[in-house]
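Predicted model only: the values in this text are computed from it and were never measured. Both ligands and their constituent atoms are indexed starting at 1 by order of listing.
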Amino acid sequence: MSTNNREVHQTALPVQTEVRGELLLVRLSRPEKRNAMNDATVLAIDAIFSDVPEGVKCAIIYGEGNHFSAGLDLSELTDRDTVNGIHHSRMWHRVLDKVQFGTVPVIAVLHGACVGGGLELASACHIRVSDSSAFYALPEGQRGIFVGGGGSVRLPKLIGMVRMADMMLTGRMITADEGNTIGISQYLTPEGKGLEKAIELATKISGNASITNYAVMHVLPRIVDASQDQALMMESLIAAIAQNTPEAKERLKLFLEGKAKKVGE
Ligand code: 1HE
């Protein structure tokens, strides 16, 4: 990591950012409201992922205080009519698409409550690291509403439709352990160690060839959503594009000369 550390403290903004070398740290910063996501929070995420600073190769989203996020700020929900409700949900879609299909891979660090819209934000990230304090729920069912931040599309891809239906119908809470077993998180750490693990992973990811990160972020999900015939064609095209980059040729040459790391190193 370079020493190019820039800390940007936007006092009173609901989301704070810090550039640490090649990493962008994005902190949900409304701990007094358990990082509930009001419109200002969602729009701040939009602005951050619309303009990732030059030189950043990977981002990490985490929450200040004892919780990742209590989900949608319910105090802003009360008197929105149907059409405005659709616009609001589409705004979440646009912003979380920017997280998923932006310029850099994003790791979410989950601890405490990761519920409702907080879980939807986490699902838009590329990898989730949780610590042992994390718990997951979709309280929308209990509140008489439905997920509106892309959760019905992204969560079944992580845990399956039946588990998501169970969470919504019963309000069931999933522990950090269970969440890691069923695929919400990909890494589970002791309490308070999630950010450290995410930084370690983000540093590895930053060292990848840029075409690999791009393909994993932008092409892989489209392959998964396509018909088998189209998906296989997309795979061949991106494989050929990647292997023809100077970066790939250099890496392959280093391996053949015995100068590259072996698997697992
Ligand atoms: C909130 C919110 C919120 C807390 N909107 N203000 N999400 C939920 O249904 C989850 C609701 N929240 C909770 O169940 C609990 O707050 C927690 C389990 C997350 C944390 O409990 P705790 O005891 O640490 O905190 P607290 O005392 O409940 O809350 C502290 C303050 O945060 C309090 O405000 P205060 O002014 O009385 O101090 C709470 O009102 C406030 N707060 N959560 C607004 N969510 C794109 S669609 C997505 C749809 C959804 O996300 S629905 C799920 C909403």
Is [atom] touching the protein, meaning some protein heavy atom lies under 4.0 Å away?
{"atom": "atom 5 (N) of ligand 1", "answer": "yes"}
{"atom": "atom 25 (O) of ligand 1", "answer": "yes"}
{"atom": "atom 39 (C) of ligand 1", "answer": "no"}
{"atom": "atom 17 (C) of ligand 1", "answer": "no"}

Atoms in ligand 1 with a heavy atom of [X] nearer than 4.0 Å:
{"X": "G117", "answer": "48 (C), 50 (C), 51 (O)"}
{"X": "A113", "answer": "19 (C)"}
{"X": "G149", "answer": "46 (C)"}
{"X": "G71", "answer": "51 (O)"}

Ring geometry between H67 and F135 (parallel below 30°, tilted from 30 to 60°, perpendicular above 60°):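 Perpendicular.
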Could you tell me the residue and atom name of the protein heavy atom closest to [atom], and the distance to it rounded to 0.1 Å?
{"atom": "atom 50 (C) of ligand 1", "answer": "E140 OE2, 3.2 Å"}
{"atom": "atom 34 (O) of ligand 1", "answer": "K33 NZ, 3.4 Å"}
{"atom": "atom 48 (C) of ligand 1", "answer": "E120 OE1, 3.3 Å"}
{"atom": "atom 7 (N) of ligand 1", "answer": "A70 O, 2.7 Å"}
{"atom": "atom 2 (C) of ligand 1", "answer": "A36 CB, 3.9 Å"}
{"atom": "atom 47 (S) of ligand 1", "answer": "G148 N, 3.4 Å"}
{"atom": "atom 22 (P) of ligand 1", "answer": "R34 NE, 3.5 Å"}
{"atom": "atom 31 (C) of ligand 1", "answer": "E32 O, 3.4 Å"}

For the backbone of [Y] and the side chain of [X], can you confirm whether one donor and one acceptor N or O come within less than 3.5 Å of each other?
{"X": "S133", "Y": "G112", "answer": "yes"}
{"X": "R128", "Y": "I184", "answer": "yes"}
{"X": "E64", "Y": "P31", "answer": "no"}

Looking only at distances, please establish whether an N/O atom of ligand 1 is found under 3.5 Å from an N/O atom of L74.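 It does: an N or O of L74 is found under 3.5 Å from an N or O of ligand 1.
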Start with the C-alpha gap between E178 and R163, add the side-chain angles, then the distance that decides, and say whether salt bridge (Lys or Arg N to Asp or Glu O under 4.0 Å) holds. CA-CA 12 Å; E178 192 184 353; R163 283 201 185 92; 5.7 Å; no
Side chain to side chain donor-acceptor pair (under 3.5 Å) partner of R30, chosen from N35, D73, T41: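 Only one of N35, D73, T41 forms a side chain to side chain donor-acceptor pair (under 3.5 Å) with R30, namely D73.
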List the atom of I205, the atom of C58, and the distance in Å for their closest heavy-atom pair.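 Taking I205 first and C58 second, the nearest heavy atoms are CG2-SG, 4.0 Å.
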Can you check which of N35, L121, L72, L77 brings a heavy atom nearest to atom 3 (C) of ligand 1?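 Residue with the shortest heavy-atom distance to the ligand atom: L72.
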Applying a 4.0 Å heavy-atom criterion (strictly less than), which segment of R143 is in contact with ligand 1: side chain, backbone, both, or neither?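 Side chain only; the backbone of R143 stays clear of ligand 1.
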Before you tell me yes or no, could you show the steps for K98 and D51 under salt bridge (Lys or Arg N to Asp or Glu O under 4.0 Å), namely the whole-Å CA-CA distance, both residues' side-chain angles and the distance that decides it to 0.1 Å? CA-CA 10 Å; K98 211 163 269 178; D51 190 21; over 6 Å; no
